[in-house]
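Take a look at the structure set out below.
Proteins get letters first, then strands, A, B, ... in listed order; numbering begins at 1 in each.
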Number of protein chains: 2
Amino acid sequence: MNEPDVPPRRGRKSEISRGQILDAAARMLRRQGYGNTTLRKIAEVAGIQAGSIYYHFASKDEIMDAVLERGVRAVYEAVRDSLAALPPDTPDRRRIEVAVGAHLEALLSHGDYTSTSIRTYGEVPMAFQQKSQPLRDAYVVLWQELLAGAQAAGAIRADLDTHVLRPLLLGSLNWTVEWYDPSQRPVAEIAAQAVDMLFHGVLPTEA
Amino acid sequence: MNEPDVPPRRGRKSEISRGQILDAAARMLRRQGYGNTTLRKIAEVAGIQAGSIYYHFASKDEIMDAVLERGVRAVYEAVRDSLAALPPDTPDRRRIEVAVGAHLEALLSHGDYTSTSIRTYGEVPMAFQQKSQPLRDAYVVLWQELLAGAQAAGAIRADLDTHVLRPLLLGSLNWTVEWYDPSQRPVAEIAAQAVDMLFHGVLPTEA
DNA sequence: AATATTTTCTAACTAACGTTCGATGGAAAT
DNA sequence: ATTTCCATCGAACGTTAGTTAGAAAATATT
């Protein structure tokens, strides 16, 4: 019904169910949070029986792990790749602009995984916050180097602390998952105004 | 301990326990999220038995309600009062600066209630998101009027959409509950840089 | 067509949840 | 000293959570 046109020759239907379980889990996590997401509801959304989940995953935690990791990875790779695709001599301002756009686009257009990895991360047991921690750290480093590099090159004011600038900026972007409404504005418009404010501030240009 | 100086004559020890239960709930909610916060753990932290909670609250939901509402109210009133305390002729820039400072101060210094009302709101059942919704709406209106008024007075660039500016700004501030570390910097320093960035942007002042 | 393998279902188990309620201790009032 | 009322305890209830295991169905292999 919703399989790709070329069904895998040898016995891998399992992948399809596994994907549906993850999709259902990501959607439920995003909407109802960790506390109200039960295996039975996930199974219902995925169209199978609760017990059947255990053929694909060893535990509920393993599902959470998979969803969270996939979310962070999607954002991380989107930003990293969009930066890597730029010509080597791209000015720092442009690189920041691209990174902001890629981050927001991945967050808001790329399904439930990314939103969930932002919204749900703070409320899951520490035990499997740690599983995706290396990726999260790598992502922070990516931004930190981008901003610190820009500052060293003179593209960002020298009197700002990039260790404050970075979380303030990323917080502003991350929080969009709580309020952004696709029916109101395109993502690009949010990104454009965010970059505009970041660069020039909100005060009118004066004498 | 935290009562008014005139202890109630007749039998009001109940208030103390009630406060301890709320404190415990707020702390647990902040650290472990809604899903992993159980009545038995709250009772344990509060130093009483699980069943005893029901002498003070009718249900778990009532506790959540109380914690959430108290959190939003603290932030709302802190910002509202700090604005009301300003002289009537205070320029818009200064008013925004004060509001940002009050919001951050309430969020980061005022205990677990405010942080929880930010972090946990998105993951509780809609049924009692609605209880604190009026207050939340009022707070949004407060900011919206502050910013729109400033823009009308020419203190904010006319080409910015305050309906995008507001959530971007508040998101940046709200996200601090995820990363701010009191042992690193005072809150005022974060507030100062946030306002600086908001007003002037991060680009160097050029010719 | 028969067999072997992969996937799902059904039904149950245990633990923990929110909640209830009668018994119990201690402080205030008589 | 006795009574009254407030606050807590302790043990239990019904429900639902995550999880398990053997039977059954679906699919692939020969």
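Using cut-offs of 30° and 60° for the angle between ring planes, the A/Tyr139 and A/His103 rings count as parallel.
The line from NE2 of A/His110 to CG of A/Leu104 is 13.0 Å long, rounded to the nearest 0.5 Å.
Ion pairing of B/Arg31 with B/Asp112 is absent here, as no side-chain N (NZ or NE/NH1/NH2) approaches a carboxylate O to less than 4.0 Å.
In this structure, the helix from C/dA1-D/dT30 to C/dA28-D/dT3 shows an angle of 10° between the axis at its start and the axis at its end, each fitted on 5 base pairs and rounded to 10°.
Comparing atom distances between the A/Leu39 side chain and each of D/dT8, C/dT8, D/dT19 picks out D/dT19 as nearest. Set against C/dC9, D/dA7, D/dC9, the side chain of A/Ser52 has C/dC9 as its closest nucleotide. The side chain of A/Ile48 has C/dC9 as its nearest neighbour among C/dT7, C/dT19, C/dC9. Side-chain proximity of B/Tyr55 to D/dC6, C/dT8, D/dA12: nearest is D/dC6. With C/dT7, D/dG18, C/dG18 as the candidates, the nucleotide lying closest to the side chain of A/Ser17 is C/dT7.
In summary, the side chains of A/Glu123 and B/Thr120 do not present any donor paired with an acceptor at a separation below 3.5 Å, with no hydrogens or angles considered.
By the neighbour-count criterion of 12 heavy atoms within 6.0 Å, atom CD of B/Glu44 is sparsely surrounded, having that number or fewer from other residues, nucleotides or ligands. Within a 6.0 Å radius of CZ in B/Arg119, more than 12 heavy atoms belonging to other residues, nucleotides or ligands are found.
In this structure, A/Gln49 places its CD atom 14 Å from C1' of D/dT19, rounding to the nearest Å. Here C/dT6 presents its C1' atom at 16 Å from CZ of A/Arg18, a figure rounded to the nearest Å. Put simply, OH on B/Tyr54 is 18 Å from P on D/dG10, counting in whole angstrom units. In this structure, OH of B/Tyr34 is placed 14 Å from C1' of D/dA17, rounded to the nearest angstrom. Atom CD1 in A/Ile63 sits roughly 14 Å away from atom P in D/dA17 (whole-Å rounding). Rounded to whole Å, the distance from CZ on B/Phe57 to P on C/dT20 is 15 Å. Between the CD atom of B/Glu62 and the P atom of C/dT20 there is a distance of 12 Å, rounded to whole Å. Rounding to whole angstrom units, CD1 of residue A/Ile53 and P of C/dC9 are separated by 10 Å.
Each of B/Gly51 and A/Thr37 has a nearest nucleotide on DNA chain D; the 5'-most of these lies closest to B/Gly51.
At the heavy-atom level, A/Thr38 lies under 4.0 Å from the strands shown only through sugar-phosphate atoms.
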Below 3.5 Å, can you tabulate the donor-acceptor pairs from side chains in residues 60-81 of chain B to any protein atom, sequence neighbours excluded?
from	atom 1	to	atom 2	distance (Å)
B/Lys60	NZ	B/Thr37	O	2.9
B/Glu69	OE1	B/Arg73	NH2	3.2

